[in-house]
Amino acid sequence: MDLYDHPTFAMAARQFDLVADHLGIPDNDRDRLKYPKRALAVSIPVRLDNGNTKVFQGYRVQHHLSLGPTKGGIRYHPDVTLGEVAALSMWMSWKCALTGLPYGGAKGGVTVDPRKLSVAELERLTRRFTQEIISFIGPQIDIPAPDVGTNEQTMAWMMDTYSVHTGFSVPGVVTGKPVHLGGSLGRREATGRGVAYLAGRAMDMLGIASTGATAVVQGFGNVGSVAAYSLAQQGVKILAVSDVGGGIYNSKGIDTRALDKWVTANGTPVGFPDSEPISNSDMLCLACDILVPAALERQITEANAGNLRCRILAEAANGPTTPLADEILDRRGDIFVIPDVMCNAGGVVVSYFEWVQDLQSFFWSEQEVVDKLFRILEGAFVQVTQQAKRGKLSMRIAALSVGVKRVWEAKKSRGLFP
Ligand code: NAD
């Protein structure tokens, strides 16, 4: 199918094919599981502050509808394409199924560099995008959330636009909202916290003491920054962090509290005192216990997989490792991979909690949220590590197998219509 042609979609499809071979899924069932159920492409005309009008392209892809509404983030990035969004929606399906959530996967995006728009332009873009996809989303249909380049404010604008359309407040249409609008305590931190929790479990398993262990974090946005702070709280020394503008390194460890203040004031870790610059590519190959890619897809490839010097690869980003890199990591056998569909699942798990709280108008304490989150991640970790050991599988194939199998079983039970 050419519609979704993109290297990231090819990568997700390749992973699916490997899992389908492992599970023995018949050819007849494969395309039905692999390709998105439906996709919407929209043009978004936006009046710019200078009076000109610019048209942006936006997408929303719903991967499967067999287990409930669909769920997934909205990305604002200049490289967004339909194929990339489709790949991300497929991974969301396996992630939701792996963690037992009653959702299919979805993803959306707009091809835009949000850093080049004013706040007022971003608001107009978000409201018009929401309007264009309004019949495609809803608390029982498809529930967006933040992803790269979007945040709580973006979700507040989406929720408001949808609510104006219906004539009453509908907080359950998006998750990752501000807490005072029906957001969940602990949602903003959930993905990074989950990454640190699972990295901690991997350290336990490998006999690495967290105090004095070292970590490198690529991408210092929502997920990467919280992962770095949460790891630091466990006693882990953060050697290097980066964003799109470059990286910083300190062999003695970066003071994450001071870095937090610096980033709040300057918008980037670059230039942080008491550190030296390092490139994004060099930092991936630093010797460390935990490497956390928390930026974009396809960062660990056949070109650098042989040079990684970490013991644990905690995939906070979606799709950071290509299938060719996976082959190299499998051959090496010395790096414990926490695959993306499990590693960053904390975000969608707490999004699910937010949706449940919104539907019931009954809100939980942060401690309840964190306890329930860790219980679900623990269950996934135990199941996937056992499956990997029993079947002599890579952690990626084991994690994807659990997710794909659940969706496959749901589709088999529901049957083919008509
Ligand atoms: P974000 O926009 O808050 O942060 C992204 C960070 O990556 C920024 O610091 C940006 O400067 C940096 N970056 C971009 N390109 C880079 C490059 N080439 N090299 C180094 N850094 C680069 O986004 P986020 O929400 O933190 O998402 C990060 C990753 O986590 C994405 O893959 C996303 O799909 C995934 N994820 C996010 C969530 C969530 O809850 N936000 C949940 C699950 C997975």
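Values in this document were obtained by computation on a predicted structure and should not be read as measured data. All ligand and atom numbering here is 1-based and tracks the order in the structure.
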Ring pair (Phe, Tyr, Trp, His ring centres under 6.0 Å) involving [X] - partner list, sequence neighbours excluded:
X    : answer
Y76  : none
Y4   : F9
F129 : none

Checklist entry - Taking the six-membered ring of W364, is NZ or CZ of K372 closer than 6.0 Å to its centre and within 45° of its axis? => result yes

Checklist entry - Does the pair D255/R257 count as a salt bridge with the N-to-O cut at 4.0 Å? => result no

Checklist entry - Does any donor atom in the side chain of T150 or R75 lie under 3.5 Å from an acceptor atom in the other side chain? => result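 No.
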
For ligand 1, list every N/O pair with the protein closer than 3.5 Å, one pair per line with the distance.
{"unit_1": "ligand 1", "atom_1": "2 (O)", "unit_2": "G149", "atom_2": "N", "d": "2.9"}
{"unit_1": "ligand 1", "atom_1": "3 (O)", "unit_2": "N222", "atom_2": "N", "d": "2.9"}
{"unit_1": "ligand 1", "atom_1": "9 (O)", "unit_2": "F220", "atom_2": "N", "d": "3.2"}
{"unit_1": "ligand 1", "atom_1": "9 (O)", "unit_2": "G221", "atom_2": "N", "d": "3.2"}
{"unit_1": "ligand 1", "atom_1": "11 (O)", "unit_2": "V244", "atom_2": "N", "d": "2.9"}
{"unit_1": "ligand 1", "atom_1": "19 (N)", "unit_2": "N280", "atom_2": "ND2", "d": "3.4"}
{"unit_1": "ligand 1", "atom_1": "26 (O)", "unit_2": "N222", "atom_2": "N", "d": "3.2"}
{"unit_1": "ligand 1", "atom_1": "26 (O)", "unit_2": "V223", "atom_2": "N", "d": "2.9"}
{"unit_1": "ligand 1", "atom_1": "32 (O)", "unit_2": "A295", "atom_2": "O", "d": "2.9"}
{"unit_1": "ligand 1", "atom_1": "32 (O)", "unit_2": "N318", "atom_2": "N", "d": "3.1"}
{"unit_1": "ligand 1", "atom_1": "34 (O)", "unit_2": "R75", "atom_2": "NH2", "d": "3.0"}
{"unit_1": "ligand 1", "atom_1": "34 (O)", "unit_2": "D147", "atom_2": "OD1", "d": "2.7"}
{"unit_1": "ligand 1", "atom_1": "34 (O)", "unit_2": "N318", "atom_2": "ND2", "d": "2.8"}
{"unit_1": "ligand 1", "atom_1": "40 (O)", "unit_2": "R187", "atom_2": "NH1", "d": "3.4"}
{"unit_1": "ligand 1", "atom_1": "40 (O)", "unit_2": "R187", "atom_2": "NH2", "d": "3.2"}
{"unit_1": "ligand 1", "atom_1": "40 (O)", "unit_2": "T191", "atom_2": "OG1", "d": "2.8"}

